Asker: 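Structure provided below as C-alpha cells; questions to follow.
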Amino acid sequence: ALDFCGDKFSMNNETQLAKETYTKSKDVSKLMALYARKQMWKEAAKLADENEGKFDVSIFLSYAEWLVSQDRYEEAMQAYKKSRRLDLARRVLEELTNNAVAECRFKDAAYYYWLLSRETEDDVVAAADPTGVESKAEAAPVRQAGPSQAQLQAEYEHKADLYYAYASVHAYVTDPFTSLQPEMLFQVARFIINSLGSTEVIPFGVSKASTMYTLARQAMLLGAYKLARHAYDRLSKLTVPERKQEEVELDMLLVQAKPVRDDPDHLPVCYRCGSTNPLLNPFSNRFAKGDVCTNCGHPFVRSFINFDILPLVEFVPDPSISDEEAVELIRQPPPASLPFSTSLPGGAAFSSAMAAGAADSKRGSAATAGKSKDAKGGGWKESKTGGADLLSLGREDNDEAAEDAVNEALGVNAHEADLFTRCLNLTLERQKNSYTPVKVDANTLLAMRRSEVYVCRPSSKSKRATFYKNMLPEIPIAISQPCHRFFHLEDFEFSYLSEQRCPYSRLKSVGEYGSL
C-alpha cells in the first residue's frame with residue numbers, strides 16, 4: 001500500500017510526500033530513483049553512502065552527466081567512478097589535463113597528470129593481480145596492462161614533475177612582477193633542462209626558449225658565467241619573443257666581459273659518490289641520462305618547493321628481507337658494534353641482527369650501572385707519536401684495541417667503519433654501467449639510525465618499498481607519502497599549514513611525513 005501511495009505521489013509531483021512514503025516503506029531503490037528524477041543529487045549521494053550495495057549504482061550516471069553540464073568536472077569524475085564507468089571518468093580526466101595545458105594552468109596540469117599516473121598504476125596492479133580486484137571487476141573492463149602501461153605510468157609521472165616545475169618558469173616569464181628567488185628559478189630551470197635531456201620530444205606547452213632564458217638570467221645573477229654563456233648560445237638558436245629580443249642581445253654582450261667560470265658554490269655534489277657535477281648534464285655517459293649524477297647515475301632527489309638537491313641516497317634491503325623486517329630492524333636502537341656477515345641468508349641474518357641488538361641493549365644497561373667505575377681510568381693520557389706530544393681524553397688502550405678488532409673483523413679501515421658506507425663503496429666498485437641502488441644486509445639496517453631513514457611506502461603489496469638515507473642529518477626533510485615527493489621540512493610544514501593540503505598531490509591527509 002505504501003509503495004502504491006508513493007508512486008501516486010511521485011506521478012503528481014508531490015515530492016515531499018513521496019519521499020516520506022518511500023522512507024517509511026524502506027524502499028531504497030524507488031527513493032533513489034525519485035532523487036535522480038528530481039535531480040536531488042545531494043540527498044542521492046547521502047543515501048548512497050548510507051545504503052551501499054542496495055540499489056543499482058548506474059543511477060550515478062545521470063548525476064555525472066548533470067555535473068558535466070554544470071562544469072563541475074572533478075565531481076563528475078567521482079560520480080562516474082561510483083557508477084562503475086571508469087572509462088568515462090578517465091575520459092573526463094584526460095580532457096581536464098589537455099584543457100589545463102592549453103590554458104597554461106601548469107600546476108593544475110601537473111596535478112591531473114599525477115592522477116592519470118595513479119590510475120594507470122592501478123591498472124597495472126589490477127592486471128598483475130586480478131584476484132585482488134573487487135568492485136572494478138564488475139565495472140567497465142580493466143585495460144590490459146603490460147610493459148606499455150608501465151611505461152605510460154612513468155611518462156605521466158615524468159610530465160607531472162615537468163609541468164609542476166615549469167609553472168614557476170612560466171610565471172617568471174609572463175608575470176610583470178615575481179616574488180620567486182633567483183636560486184629557486186636557477187634550480188627549476190636546471191631540473192627541466194636536465195630532465196628533458198637531448199630528446200626532441202618536449203611536452204606540449206613547455207617552452208625550451210623560456211626555460212633557457214630563465215636559466216641564463218639567473219646564472220648571470222648568481223655568478224655562473226660559464227653556464228650563462230652556454231645558455232645564451234643555445235638561446236640564440238631558438239625563437240625568442242620580440243619583446244625579449246633586445247634584452248637577450250644586450251645580455252649576450254655583457255656576458256662576454258665576464259670570466260669564463262662558474263661559482264663553485266653552485267656546482268652540485270652527488271651525495272652517493274661524492275663527485276662534483278656540471279651544472280647541466282652533458283649526456284656524455286649514455287647510462288646517466290636525465291637529472292642524475294654524471295658519474296654514478298644516482299637520481300638527484302629534489303625538494304619540490306625550491307628544487308634544491310636533498311642529501312638523500314637510495315638503498316634497498318637484501319631481497320631475502322621483507323619491507324616489514326627492514327623497517328623493524330631500522331627502528332631498533334643502533335648497537336655499538338655488530339658482526340658483519342654476508343654469508344648468512346636473509347632470515348638468519350635478520351634473527352642474528354635482532355639477537356645482537358638485544359644483547360647490546362643488555363650490555364648498555366650493564367655499562368650504565370658501572371659507569372662510575374669505568375670513569376676512573378678514562379682521564380687524560382699523555383703519549384708521543386713521531387716526536388709530537390699528544391694529550392688524549394677518555395680513551396683507554398683496551399677501547400682502541402676493541403675498536404680496531406671490530407674494524408678488522410669487518411674488513412674496513414677506520415674511515416670506513418660505518419657499515420652503510422662500506423655497502424655504498426662495494427656497490428660503486430661492482431657497478432659497471434647502469435645505475436644500481438645500494439644493497440644492504442640485516443646488520444647494516446640494524447646499525448642505521450631511524451631518524452636518518454625515509455621510506456616511500458608502495459601503493460600495492462606487489463611492489464617493494466623504496467628506502468633513502470639522509471647523509472646530512474642536520475638537514476630536516478619531509479616526505480609526502482601519497483605522492484612520494486620530498487621537501488625541506490620547514491617549507492613543507494609552512495605550505496601545508498597555509499593551504500591545508502600537500503603542495504604536490506593536493507591531498508589533505510598526507511600521513512606521517514617524517515623519518516622512520
Side-chain angles (χ1 to χ4, degrees), residues 154 157-158 161 187 191 194-195 268-275 277 288 290-293 295-319 321-332 334 418-428 431 434-459 463-493 502-505 510-516:
E157 198 157 345
H158 177 64
D161 292 345
Q187 297 292 349
F191 169 75
N194 285 336
S195 299
V269 177
C270 177
Y271 292 95
R272 182 172 183 259
C273 65
S275 62
N277 283 248
D291 191 40
V292 301
C293 173
N295 181 47
C296 66
H298 184 270
F300 288 125
V301 183
R302 293 184 178 269
S303 168
F304 269 76
I305 290 181
N306 56 16
F307 282 84
D308 285 341
I309 297 176
L310 299 175
L312 294 174
V313 172
E314 180 186 2
F315 69 91
V316 294
D318 190 88
I321 303 175
S322 66
D323 293 340
E324 293 76 13
E325 290 175 339
V327 171
E328 185 178 352
L329 283 170
I330 295 171
R331 285 178 172 172
Q332 294 292 322
D418 181 16
L419 296 182
F420 182 81
T421 304
R422 184 177 187 275
C423 293
L424 192 154
N425 292 335
L426 286 175
T427 303
L428 290 175
Q431 179 175 309
S434 60
Y435 163 72
T436 304
V438 179
K439 186 170 71 173
V440 299
D441 65 349
N443 289 332
T444 307
L445 292 171
L446 186 59
M448 290 182 178
R449 291 181 173 86
R450 59 184 298 182
S451 60
E452 300 175 3
V453 178
Y454 297 82
V455 55
C456 297
R457 304 185 185 277
S459 57
K463 292 186 175 182
R464 293 295 301 265
T466 307
F467 294 84
Y468 292 89
K469 185 179 187 301
N470 187 357
M471 306 303 287
L472 297 177
E474 60 271 16
I475 299 179
I477 297 173
I479 176 176
S480 177
Q481 286 295 340
C483 60
H484 294 168
R485 297 301 186 276
F486 290 91
F487 309 86
H488 284 293
L489 181 61
E490 291 185 1
D491 295 339
F492 178 77
E493 289 181 340
C502 171
Y504 189 93
S505 65
V510 296
E512 297 181 1
Y513 55 84
S515 60
L516 285 178

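By convention here, the first residue in the shown sequence is residue 1. Computed from a predicted model, the values in this text were never measured in an experiment.
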Asker: Between atom CG of L419 and atom CG of L424, what is the distance when rounded to the nearest 0.5 Å?
Answerer: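 Between L419 CG and L424 CG, I get 12.5 Å after rounding to 0.5 Å.
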Asker: So does R457 get a backbone contact from the side chain of Q481, meaning a donor-acceptor N/O pair under 3.5 Å?
Answerer: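 Yes; judged by distance alone, with no hydrogens or angles, the pair exists.
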Asker: List the atom of Q431, the atom of S434, and the distance in Å for their closest heavy-atom pair.
Answerer: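 For Q431 and S434, the tightest heavy-atom pair comes out as CG-O, 3.3 Å.
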Asker: Rounded to the nearest 0.5 Å, how far does CD1 of I479 lie from SG of C456?
Answerer: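 These two atoms lie 3.5 Å from each other.
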Asker: Restricting to non-hydrogen atoms, name the atom on H298 and the atom on L312 that form the minimum distance, rounded to 0.1 Å.
Answerer: CE1-O, 3.4 Å
Asker: Could you check if a side-chain atom of R422 sits within less than 4.5 angstrom of a side-chain atom of T444, using non-hydrogen atoms only?
Answerer: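 A side-chain contact under 4.5 Å is absent here.
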Asker: With rounding to the nearest 0.5 angstrom, report the CG to CZ distance, D291 to R302.
Answerer: 4.0 Å
Asker: Could you tell me which residues satisfy side-chain hydrogen bond (donor to acceptor under 3.5 Å, both in side chains) with E512, sequence neighbours excluded, listed by chain and number?
Answerer: none
Asker: Just verifying a value: how many Å separate E328 CD and I321 CD1, rounded to the nearest 0.5 Å?
Answerer: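 Result: 11.5 Å between the selected atoms.
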Asker: Taking ring pair (Phe, Tyr, Trp, His ring centres under 6.0 Å) as the test, write out the residues that go with Y271, two or more places apart.
Answerer: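 Result, ring pair (Phe, Tyr, Trp, His ring centres under 6.0 Å) vs Y271: none returned.
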Asker: Could you pull out all residues at least two apart from F300 that satisfy ring pair (Phe, Tyr, Trp, His ring centres under 6.0 Å)?
Answerer: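 Not a single residue meets the ring pair (Phe, Tyr, Trp, His ring centres under 6.0 Å) criterion with F300.
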Asker: CZ of F420 to CG of N425: how many Å apart, nearest 0.5 Å?
Answerer: 10.0 Å
Asker: Would you please name every residue forming a side chain to side chain contact (heavy atoms under 4.5 Å, CB included) with R450, sequence neighbours left out?
Answerer: I330, R331, L516
Asker: Using 30° and 60° as the class boundaries, would you call the ring planes of F486 and Y468 parallel, tilted or perpendicular?
Answerer: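 The rings of F486 and Y468 stand perpendicular, inter-plane angle above 60°.
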Asker: Supply the atom-to-atom distance F487 CZ to S480 OG, rounded to the nearest 0.5 angstrom.
Answerer: 5.5 Å
Asker: I want to check something: taking the side chain as every heavy atom from C-beta on, are T427 and R272 in contact at a cut-off of under 4.5 Å?
Answerer: yes
Asker: What pairs with S275 under side chain to side chain contact (heavy atoms under 4.5 Å, CB included), at least two apart in sequence or on another chain?
Answerer: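 For S275, the residues satisfying side chain to side chain contact (heavy atoms under 4.5 Å, CB included) (neighbours in sequence not counted) are C270, C273, N277, C293, N295.
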Asker: Would you say that F315 contacts L445 through its side chain, given a criterion of any heavy-atom pair below 4.5 Å between the two side chains?
Answerer: yes
Asker: For Y454, check ring pair (Phe, Tyr, Trp, His ring centres under 6.0 Å) against everything at least two apart and list the hits.
Answerer: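 Ring pair (Phe, Tyr, Trp, His ring centres under 6.0 Å) check on Y454 returns nothing, list empty.
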Asker: Got a sec, which residues hit side chain to side chain contact (heavy atoms under 4.5 Å, CB included) with E493, two or more places apart in sequence or on another chain?
Answerer: L489, Y513
Asker: Just to verify, what does H488 make a side chain to side chain contact (heavy atoms under 4.5 Å, CB included) with, not counting sequence neighbours?
Answerer: S303, N306, D308, L310, I475, D491
Asker: Taking the side chain as everything from C-beta on, heavy atoms only, tell me whether I477 gets closer than 4.5 Å to P311.
Answerer: yes
Asker: Indicate the atoms forming the closest heavy-atom contact of P503 with I305, along with that distance.
Answerer: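 Result for this residue pair: CG-CD1, 4.3 Å.
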Asker: Can you pull out every salt bridge (Lys or Arg N to Asp or Glu O under 4.0 Å) where at least one residue sits in residues 464-489? Sequence neighbours excluded, please.
Answerer: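 Listed by first then second residue: E157-R485, D161-R485, D323-R464, E452-K469.
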Asker: For V438 and V313, which heavy atoms make the closest approach, and how far apart are they?
Answerer: CG2-CG1, 4.4 Å
Asker: Locate the shortest heavy-atom distance separating Y435 from C296; write the atom from each residue and the value.
Answerer: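 Nearest pair, atom of Y435 first, then C296: CD1-O, 3.7 Å.
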Asker: Less than 4.5 Å apart, side chain to side chain, heavy atoms only: is that true for P482 and C502?
Answerer: no
Asker: Considering only heavy atoms from C-beta outward, does the side chain of E314 approach that of V301 to under 4.5 Å?
Answerer: no
